[in-house]
Amino acid sequence: MSIPSKYEAQSVEDQWYKYWMENGYFHSTPDSREPYTIVIPPPNVTGVLHMGHMLNNTLQDVLIRRARLLGKNACWVPGTDHASIATEAKVVARLKERGIAKSEISRDEFLEYAWQWKNEYGGVILEQLKKLGCSCDWDRTKFTMDDDMSASVIRIFVELYNKGMIYRGYRMVNWDPEARTTLSDEEVIYEEQQGLLYYISYPVEGTDEHLVVATTRPETILGDTAICIHPQDERFAHLKGKRAIVPICNRSIPIIEDEYVDLEFGTGCLKVTPAHDENDKALGEKHKLEIIDIFNANATLNTYGLHYEGKDRFVVRKEISAELKELGLLKKTEPYTNKVGTSERTKAVIEPRLSEQWFLKMDTLAQPAIDAVLQTDEVKFFPKKFENTYRHWMENIRDWNISRQLWWGQRIPAYYYGKGSQDYVVAEDALQALELAREKSGNDKLKEIDLRQDEDVLDTWFSSWLWPISVFDGILEPENKDFKYYYPTSDLVTAPDILFFWVARMIMAGYGLKGQKPFEHVYLTGIVRDKQRRKMSKSLGNSPDALELISHYGADSVRVGLMLSSAAGNDLLFDEALCQQGKNFANKVWNAFRLIQGWEVKDIPQSESAQLGLEWYQAKLAKTLSDINDHFNKYRISDALMSVYKLVWDDFCSWLLEIVKPAYQQPIDRKTYNAIIKLFEANLCILHPFMPFLSEEIWQRIRKRNKDEALIVASWPELSLEDQELIPEFEFATSVISAVRNIRKEKNLANKEPLDLLLIDKEKLSQRWDVVIKKLAHLKNIESVGAAVEGAVTFRVKSNEYFIPLEGKLDTEAEIKKIEEELQYTRGFLKSVEKKLANERFVNNAPEKVVALEQKKAADALAKIETLEKSLASLE
RNA sequence: GGGCUCUUAGCUCAGCUGGUUCAGAGCACCUGCCUUACAAGCAGGGGGUCACUGGUUCGAAUCCAGUAGGGCCCACCA
């Protein structure tokens, strides 16, 4: 049977995924084992796999696969998010393509379209995760708008309302005129924008004076209801109590005084537009000003816009400034950069708008969530630095606007029965609502038809914040087996940009609703960027197609590429070369398999070198394994991978296999062979979380397996840390080997030309390594001698001096030079050490151990100098 | 404006409570090799005043202060 010399990922990956699925290895049910649970950060149901998902989900899969190998009951719950605003926007756009406007159809019709669309295209991303190798428990797949999930959301809304934590408020909110909905503060992104500061002149009533006001938004003058000056501002003192005329609409407005005004900024005069600015609204309330809202929902002007009615705010900005200029009321403009709020989803410029919305009180929810992270450490962040960010936000938290003027989502379960502002009830369904309404109104004759349910839906995050609870049905059935077993979950892996949106809120929900943390560890990934540090995004077009990468390099290689440079919390500068590195590694492992697979096994005695090599590798594996476990415990995933990488490539392939490898066409002894297979299996097991397909493929082929055996459910190796002294011994041996190789290269000697190695052995190191050195350095013979050998090339490892007799090829001058250089360095080194030791304060203050070490350094250096001087003498 | 954080080899990063695991790793680079597991490879090698300036200390990449320059988060100055 011939095995291809290149590993072909494409031909095996799908097959193994299918095999794992068919055997139910991803599926988890409660049992006596310790649970290990991850809930996926649910991607948008209409989303497609991008690099961020790949990073994020590879990390989760690495963790979940390792937990499975460690014998835990690993459960990774997948699912998708309904993403109300994003999905609704997509559905609206699609309807538009078909010539249907949202305004023309009913809510029910719209929802029907939306569901249809969701069912057709939704969940593509989950299929893509399978290509990546994600071992999710697909039987548990959830969608945030599944019936039970929605029912959970509604129940929590009612519960919180009844506790008085949810209230309605007429507030200034962030209005997205494109999506025509409000947004929470977190969904607004402030961007620096180059704009203009317009200086507009307002005539003062009854005088021929003018007041000049600086504004970035001239179109809002039509909503002005006051001009504000600073009470101490002498420039305007004479205008106190007077009124000004708003240009164009010629409305008379009061000139008010307030210390809020910054004397230094602009002209020291502020126009007040309570309907369109948070601060102005506050001023308006304080001074009892009229509120004039000049905008429609889509940010065109309404009737207050006069001749601008129906025109967009930005169009009006241009036109109105032109008109003002014509009227001679636009004194000047100057360039000005300010931060403009934009919608995270639609990128539209946010319009502050006054409206009736639902809010969730956050202060009581926040406190236990702050304590859990910062006091009790019940929830731990990796990396820790995000705890500061978290604290900052949590301590300044504001009430959460949870209503959205959309249709796609959980409809707010508030039912109105009358015209009064308090004529409503909140209930899980219409029937209960009716009962409550009758009670509250005292009107027994109310019928279901008299009830009008609130038109708004809930913010998407109002369902996601329940995710770790609701996926296990912990809200509707709090005592169910799954919830009690899997909750709280173990690890959460997510990007830091949703720390507030999601992570913080889940922690609040966990404590607030269940009195328990939702997860123990939060691993915050970096953001995937391109080589120029730009965030990878669809619009920039700098993001490679995830599936193309997989089909080109294989899922394992892409996973390795991502994991190699993904220190927690550090941005990942993605470069396809990383995938190539992964692919090279896959091939390396594959070829190790090919080598071993090709050996003929015979019952012959084991060689000394093989035995020694195996003992050493055992020790090395144990050490590396403990390093790897330590890395995992600290969530240093890329370090863990690098340790595996070096273990397999350097220690296993480059050293061990070379040590035990039989000569060409020679058989290998059974004992060594069996040991190698076992060690290879251990390597594959450690490698499996990172490269599940390749490792399973080789593991299954390397020896005969029963039907119910699979690497995915094998056991993580456990090794004792004995015989660790073999490691430094081996390092000594490899130094000798490298030195010989070096001389071969310098002297241009063929690799396999047998050489003699003589040495003056001062290190008292066990000579048992000679067999290994002999084999790997291609030596005829290793022999101890009493004195320096003439006519030989020399090198030193620690205090040992080695000679390779090379008559004819010896360049005495070069040899002398080499020794002199080494001598010079060693003397310099000795001098610095002696200087340190001569320093009384050092000797008196430094710990004994450190002083002893320095003394040893000095002694070693002295010995080496002596050796070098002797060699030099013999050459000259 | 407030808070947090970073600056170590060409690139990406390790270096925990100051002292031989202190100057490291991977990649890239350079030089030999198509040596029957692997050229997606093997062997060898060259790269760094640890951002700058002071301080503490017997001793600083590591602790402290300041300077310069990045990054992130928060914040309503028109």
Side-chain angles (χ1 to χ4, degrees), chain A residues 3 5-7 172 185 190 197-198 213-217 220 228 260-262 264-273 277-282 336 338-339 341 352 383 385-393 395-396 496-497 499-500 527 531 533 557 564-567 569-573 575 577-578 580-599 634 636 638-639 641-643 645-646 649 653-654 657-658 661 664-665 728 737-738 741-746 748 750-752 778 836 839-847 849-851 853-854 856-857:
Chain A
I3 305 169
S5 73
K6 310 270 186 254
Y7 172 60
M172 184 72 67
D185 296 335
Y190 286 88
L197 196 56
Y198 299 80
V213 164
T215 179
T216 53
R217 303 198 57 192
T220 62
C228 190
Y260 165 75
V261 177
D262 182 348
E264 306 299 317
F265 190 89
T267 58
C269 249
L270 174 72
K271 68 190 228 29
V272 186
T273 324
D277 185 278
E278 180 86 49
N279 299 304
D280 290 12
K281 187 204 164 213
Y336 187 70
N338 64 338
K339 297 239 174 163
K385 66 178 178 189
F386 284 108
E387 290 182 1
N388 281 323
T389 316
Y390 174 82
R391 176 217 302 267
H392 191 88
W393 188 74
E395 286 177 350
N396 296 293
D497 51 353
L499 185 62
F500 309 133
I527 290 166
K531 279 177 90 178
R533 289 196 177 271
S557 306
L564 272 175
S565 57
S566 65
N570 274 5
D571 285 356
L572 184 146
L573 270 55
D575 181 353
L578 290 167
Q580 187 57 46
Q581 195 184 345
K583 196 171 177 181
N584 294 353
F585 183 49
N587 201 51
K588 184 72 192 177
V589 182
W590 180 250
N591 274 292
F593 161 63
R594 282 181 67 223
L595 172 67
I596 292 165
Q597 216 275 336
W599 283 336
K634 291 174 179 153
R636 305 179 65 141
S638 52
D639 289 345
L641 173 57
M642 189 42 73
S643 296
Y645 182 91
K646 286 196 275 193
W649 198 311
C653 294
S654 297
L657 290 182
E658 291 301 329
K661 191 160 134 185
Y664 182 52
Q665 287 194 330
I737 294 163
S738 292
R741 285 173 176 168
N742 211 344
I743 283 168
R744 279 183 193 276
K745 171 140 177 144
E746 271 173 24
N748 220 353
N751 232 350
K752 291 196 167 162
H778 298 287
K836 217 175 196 180
N839 183 340
E840 262 178 55
R841 284 184 297 183
F842 170 72
V843 180
N844 294 338
N845 292 323
K849 237 173 69 188
V850 175
V851 178
L853 213 64
E854 290 298 318
K856 174 148 195 325
K857 276 199 245 174

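Interface remark: the K385(A) side chain does not form any donor-acceptor pair with the C4(B) base, using a distance-only criterion of under 3.5 Å.
Among the protein residues, W599(A) comes within range of no part of the nucleic acid, since none of its heavy atoms lies under 4.0 Å from any strand. Here R636(A) lies in heavy-atom contact (under 4.0 Å) with sugar-phosphate atoms only. Counting non-hydrogen atoms under 4.0 angstrom, S738(A) reaches the backbone sugars and phosphates but no base. When heavy atoms are screened at a 4.0 angstrom cut-off, E387(A) is found touching no nucleic acid atom at all. Residue-level contact check: K856(A) touches neither bases nor backbone, having no heavy atom under 4.0 Å from any strand. Counting non-hydrogen atoms under 4.0 angstrom, K836(A) reaches nothing in the nucleic acid. Residue C228(A) is out of contact with every strand shown, counting any heavy-atom pair closer than 4.0 Å. Looking at heavy-atom distances under 4.0 Å, N845(A) makes contact with a base.
Distance K6(A) NZ to A39(B) P: 4 Å, rounded to the nearest Å. We find that CD of Q597(A) is positioned 14 Å from P of C38(B), with the value rounded to whole Å. Rounded to an integer number of Å, the gap from CD1 of I3(A) to P of U36(B) is 18 Å. Rounded to a whole Å, the NZ atom of K745(A) is 12 Å from the C1' atom of G46(B). As a whole-Å value, the separation of E746(A) CD from G45(B) P is 9 Å. In this structure, N591(A) atom CG and C34(B) atom C1' are separated by 15 Å, rounded to whole Å. Note: CG (D575(A)) to P (C11(B)) measures 14 Å, nearest angstrom. One can place CG of L657(A) at 12 Å from P of A43(B), the figure rounded to the nearest angstrom.
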task: Determine, step by step, whether V589(A) and Y7(A) satisfy the side chain to side chain contact (heavy atoms under 4.5 Å, CB included) criterion, reporting the C-alpha distance in whole Å, the side-chain angles of both residues, the deciding distance to 0.1 Å, and the verdict.
output: CA-CA 9 Å; V589(A) 182; Y7(A) 172 60; over 6 Å; no
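Look at U12(B): its Watson-Crick or wobble partner, with both distances under 3.5 angstrom, is A25(B). Using N1 to N3 plus N6-O4 or O6-N4 for Watson-Crick, or N1-O2 and O6-N3 for G-U wobble, each under 3.5 Å, C77(B) pairs with nothing. Using the Watson-Crick or G-U wobble rule with both distances under 3.5 Å, U7(B) pairs with A68(B). In this entry A43(B) has U31(B) as its Watson-Crick or G-U wobble partner, both defining distances falling under 3.5 Å. Nucleotide U17(B) forms a pair with no other nucleotide shown, judged by Watson-Crick or G-U wobble geometry with both contacts under 3.5 Å.
When the P atom is used for both C6(B) and C13(B), the distance is 13 Å, rounded to whole Å. A distance of about 15 Å separates the P atoms of G70(B) and U8(B), rounded to the whole Å. Atom P of A43(B) sits at a distance of 14 Å from the matching atom of C38(B), rounded to the whole Å. Taking atom P in both C50(B) and A60(B), one finds a spacing of 12 Å when rounded to whole Å. Nucleotides A65(B) and U20(B) have their C1' atoms positioned 31 Å apart, rounded to a whole Å. Look at the P atom in both G71(B) and G54(B): the space between them is 28 Å, to the nearest Å. Annotation: A75(B) and U57(B) have their C1' atoms spaced 42 Å apart (nearest Å). C16(B) and G24(B): their C1' atoms are spaced 15 Å apart (whole Å).
Judged by the 6.0 Å distance and 45° axis criteria, K339(A) is not positioned over the aromatic ring of Y190(A).
When distances are taken from the side chain of K588(A) to each of G41(B), U31(B), A25(B), the shortest belongs to G41(B). Closest to the side chain of R594(A), out of G26(B), C38(B), A43(B), is C38(B). Comparing C38(B), U12(B), U20(B) by their closest approach to the side chain of S565(A) singles out U12(B). In the set C27(B), G41(B), C38(B), G41(B) carries the atom at the smallest distance from any side-chain atom of N584(A). In this structure, the nucleotide among G15(B), C42(B), G44(B) sitting nearest to the side chain of S654(A) is C42(B). The nucleotide whose nearest atom lies closest to any side-chain atom of N742(A) is, among G44(B), U35(B), C58(B), G44(B). Taking only side-chain atoms of K583(A), from C-beta outward, the nucleotide of A40(B), A37(B), C27(B) with the closest atom is A40(B). Residue K646(A) places its side chain closer to G26(B) than to any other of G26(B), C38(B), C58(B).
Under 4.0 Å is where a charged nitrogen must lie from a carboxylate oxygen, and between E854(A) and K857(A) at least one such pair does.
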query: Could you run down nucleotides 73-78 of chain B 5' to 3' and tag each one B, S or - for protein heavy-atom contact under 4.0 Å?
result: SSBBBB
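Of the possible donor and acceptor atoms, none in the side chain of N742(A) sits under 3.5 Å from a partner among the backbone N and O of S738(A). Judged by distance alone, with hydrogens and angles left aside, the side-chain atoms of S557(A) form no donor-acceptor pair with the main-chain N or O of Q580(A) at under 3.5 Å. The backbone N or O of N587(A) lies less than 3.5 Å from a partner atom in the side chain of N591(A), making a donor-acceptor pair. The backbone N or O of T273(A) lies less than 3.5 Å from no partner atom in the side chain of D277(A), so there is not a single donor-acceptor pair.
With the nearest nucleotide of RNA chain B identified for both K752(A) and V850(A), V850(A) has the one nearer the 5' end. Positionally, the nearest nucleotide of RNA chain B for N388(A) lies more toward the 5' end than for the other of N388(A) and R741(A).
With its glycosidic angle within 90° of 0, G47(B) is assigned syn.
When side chains are defined from C-beta on, P352(A) does not count as touching E278(A), because their heavy atoms never get closer than 4.5 Å.
Ring geometry for F265(A) versus Y336(A): interplanar angle over 60°, hence perpendicular rather than tilted (30 to 60°). Using bins of under 30°, 30° to 60° and over 60° for the plane-to-plane angle, the ring pair Y645(A)/F585(A) lands in the tilted bin.
Residue C228(A) is tested with D280(A), V213(A), V272(A) for a side chain to side chain contact (heavy atoms under 4.5 Å, CB included); the sole match is V272(A).
Of the side-chain N and O atoms in W649(A), one or more sit less than 4.0 angstrom from OP1 or OP2 of C42(B).
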